There are 2 protein chains.
Amino acid sequence: MTETPQKKRKRRGSGRVTMKDVAKLSGVAPITVSRVLSGSDYASPAARDAVMAAVRELGYVPNRMAGGLASVHAPVVPILVPALRNAVFSDIIMGAQEHFFEHGLETLIGNTLYSISKEEHLTRTFLGWSPPAIMITGGTHSQATRDLLSSIEIPVIELMELVEKPLGINVGLSHAGAGYDMTSVLIERGYEDIAFLGTMPDRDLRALKRMEGYQKALRDNGLRGDGFVQFYDQPSTFQLAAQFADIYLENRAKIRAVFCANDVLAVGLLMECQRRGIAVPGELAIAGFNDLSIAESVHPRLTTVHVPRYEMGTKAASMLVEVLSGETLESPIYNVGYEIIEREST
Amino acid sequence: MTETPQKKRKRRGSGRVTMKDVAKLSGVAPITVSRVLSGSDYASPAARDAVMAAVRELGYVPNRMAGGLASVHAPVVPILVPALRNAVFSDIIMGAQEHFFEHGLETLIGNTLYSISKEEHLTRTFLGWSPPAIMITGGTHSQATRDLLSSIEIPVIELMELVEKPLGINVGLSHAGAGYDMTSVLIERGYEDIAFLGTMPDRDLRALKRMEGYQKALRDNGLRGDGFVQFYDQPSTFQLAAQFADIYLENRAKIRAVFCANDVLAVGLLMECQRRGIAVPGELAIAGFNDLSIAESVHPRLTTVHVPRYEMGTKAASMLVEVLSGETLESPIYNVGYEIIEREST
DNA sequence: CTGTTAGCGCCTTCAA
DNA sequence: TTGAAGGCGCTAACAG
């Protein structure tokens, strides 16, 4: 007579197919289903077949949250980047995402917009997913972010630049070195009056480092002290770079070449020069940074610094996967390097 | 003497601060902490203060998985796009992400690379998060994807293009209409021999629709049948577009203007024309699609179709948030429109 | 306004 | 090789 389940309260569940359903249909215990699906554990071929058939029949999709909760870590790696539109970061993301996905990991993408405080906020939120690891751009973070990241015991990867005191793994390149080398190449080509054009020196720390490399190269070559540095306080856009043409025209005597902190600025300036009839490189030589695909399409083609962005993403992801599967890395620091590409704009 | 907890088995937990810890420290029940933090429920100011203080002191970060599991839906909305490098999609993502984040929702970004099967795979995986909704690009999906999406009972948003039979909400614009209008504008300007340049007509269905609009405009204006259509079977790049210069040179008599399926192609071709000394628009007029920021930087500036990308993202996100909070939409279809921008390249 | 209780769906632990 | 039990951390449902 107690046939009816007279539980007082009941929650209705998601209504979706669960592992229990699969277990029932295939005549095994839920845990066996779990083992079959995870693939890593023992299961008899018979059980395996039955389970797989049931999975297919029911259209079962494992609940990632339940799995994550039970196994402490969610199968998701957050990646924090300072910008999304910038092809630099989308390439990194694509590289990482692809590798992660092959290993059953999703990617949570956070856009910090070059804001240290937004980075902190995103870090906090993302840690709420109990990720097995986290990737973050650059090596300069707020103290709170640093504390958060070091208090949790998961691998942290800092991307893009070589960091002095990495929080964990570090994959990147030396932006000061690249700035130095590019400037040196310009000097070798005979340019002496080289200006530097960049944006947001207080937020885009990598641009700042490129500038420092630029200044050091000037000094090492006995050229005038700090060079000619122009920073704007807005994000880099093609439009913004056009403004520099005015500055150039007012300072023709002092500027023979410009090293731009990134290709967007360089291309924007190049276009403006075309518009105003300033010959490139005849009157003004222009160099960029990143080697975006547009760099080799513009006319004249742009001298720039090639950065292996996609590879940075895959390399970082593969190091992480290695660590997560218990292996030890040869070194927690990986220098992806860069390459100066000389083209017709200088 | 039974002081030691002699449970047979024990799991070690994540070791992180939990809601229970916060509850203990602030002298209330866990559920009260939950209520305070969710903000939506009643809680006395006293309780609220105590809880917030404890949260700060312990550095508590709520476990999103546990919360999601308990409340059926994870606070995360997947967005599927066909490409990440393309500023078109990063703008949409940024718009959506920003709006979602303000409402406590994260974004899972999936890159389908214009592959229907990859889209299906990603859809399946993402549904494993029990998201409260899902956003997907375009209206053409595999049958399995359609089944998956309609079997779950969450709002589905199809983005970018106006769809015939939407799966749910639809935010976009008419690509055929835009192609038609742009072509008409070119014809009004006096161009008659207009070619169309695009890529991957079997995967990039929106490019195909623009082409169809182009052909219809030709016909409606009594111009020759199908026009001059060139499709390449690779993703659009600046480099790829350069190849069309050869085709132009071989067909000078038949081509006076080119309508490119996107700005990347248009800019790539424009650059190549500069390189080869083909006057734009003097010898060849060029029009693009999307109005990327580079479009108004190139020289001559590019005639193109402006698409409100960021707004598409925010609009879609806000419609979703509305639905999720129980409101009903005026209409499940929202046309964001487009605008023909005439510049110097035509 | 606050607490108790009972799961959400899966996986770890122990036992067979 | 398989299963039973219990818990991961949180919130819905109900009761005070």
Side-chain angles (χ1 to χ4, degrees), chain A residues 5-24 26-51 55 58 60-75 104 127-130 132, chain B residues 5-24 26-51 55 58 60-75 104 127-130 132:
Chain A
Q6 257 308 69
K7 305 248 177 78
K8 275 191 286 194
R9 322 162 196 180
K10 219 169 38 200
R11 288 174 80 169
R12 94 184 160 285
S14 63
R16 288 179 34 193
V17 177
T18 72
M19 192 173 267
K20 215 185 214 167
D21 300 321
V22 175
K24 201 174 298 171
S26 49
V28 298
I31 185 62
T32 302
V33 177
S34 170
R35 289 201 258 249
V36 168
L37 292 180
S38 77
S40 57
D41 257 309
Y42 303 100
S44 67
R48 189 172 300 273
D49 292 347
V51 167
V55 165
L58 296 173
Y60 170 65
V61 178
N63 183 321
R64 310 278 262 169
M65 286 186 298
L69 184 58
S71 54
V72 180
H73 285 308
L127 290 184
W129 288 99
S130 295
Chain B
Q6 257 310 70
K7 304 245 178 79
K8 274 190 285 190
R9 322 164 197 180
K10 217 165 43 196
R11 289 174 78 174
R12 81 180 173 294
S14 64
R16 287 180 36 193
V17 176
T18 73
M19 190 173 269
K20 216 185 212 168
D21 299 322
V22 175
K24 200 175 299 172
S26 49
V28 299
I31 186 66
T32 302
V33 176
S34 170
R35 288 200 259 250
V36 169
L37 293 180
S38 79
S40 56
D41 257 310
Y42 304 100
S44 68
R48 189 172 299 274
D49 292 346
V51 167
V55 165
L58 296 172
Y60 171 66
V61 178
N63 184 321
R64 311 276 264 171
M65 287 186 296
L69 183 58
S71 53
V72 181
H73 285 309
L127 291 184
W129 288 99
S130 295

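Computed from a prediction, not measured in an experiment: that's the story for all the values here. Letters A, B, ... mirror the listed sequences (proteins, then strands); counts begin at 1. The figures that follow rest on heavy atoms only: side chains count, while hydrogens, waters and symmetry mates do not.
Regarding Arg35(A), its CZ atom lies at a distance of 6 Å from the C1' atom of dT2(D), rounded to whole Å. A straight line from NE2 of His73(A) to P of dT12(C) spans 12 Å, rounded to a whole angstrom. Counting to the nearest Å, the P atom of dG9(C) and the CZ atom of Arg16(A) are 9 Å from each other. Met19(B) has its CE atom 20 Å from the P atom of dG7(D), to the nearest Å. As a whole-Å value, the separation of Ile31(B) CD1 from dG9(D) C1' is 12 Å. One can place CG of Asn63(B) at 13 Å from C1' of dC8(C), the figure rounded to the nearest angstrom. Remark: P of dG9(C) and CG of Asp21(A) are 9 Å apart, rounded to the nearest angstrom. Rounded to an integer number of Å, the gap from Leu127(B) CG to dG9(C) C1' is 16 Å.
Proximity of Arg35(B) to Val51(B): side-chain heavy atoms (C-beta onward) are nowhere separated by under 4.5 Å.
The side chain of Ser34(B) contributes an N or O atom lying less than 4.0 Å from OP1 or OP2 of dT11(D). The shortest distance between the side-chain N/O atoms of Tyr60(A) and the OP1/OP2 oxygens of dG9(C) is not below 4.0 Å. Regarding contacts with the backbone of dT2(D), every side-chain N or O of Thr32(A) stays at 4.0 angstrom or more from both OP1 and OP2. Residue Ser44(B) has a polar side-chain atom (N or O) positioned under 4.0 Å from OP1 or OP2 of dT2(C).
For the pair Val22(A) and Ser26(A), the tightest heavy-atom approach, listed with the atom from each and the gap, is O-OG, 2.6 Å. Among all heavy-atom pairs drawn from Ala74(B) and Trp129(B), the shortest one is CB-O, 3.1 Å. The two residues Arg16(B) and Gly128(A) come nearest to each other via the heavy atoms NH2-CA, 4.3 Å.
Put simply, the side chain of Arg64(B) and the base of dG9(D) share no donor and acceptor less than 3.5 Å apart.
Taking every side-chain heavy atom of Thr18(A) into account, dG9(C) is the closest of dG9(D), dG9(C), dC11(C). Picking from dG7(D), dG3(C), dT11(D) the nucleotide with the shortest atom distance to the side chain of Ala70(B) gives dT11(D). Residue Ala29(B) has its side chain nearest to dT4(C) when only dT2(D), dG9(D), dT4(C) are considered.
Counting non-hydrogen atoms under 4.0 angstrom, Pro62(B) reaches the backbone sugars and phosphates but no base.
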Side-chain donor-acceptor distances from residues 27-34 of chain B under 3.5 Å, at least two apart:
none

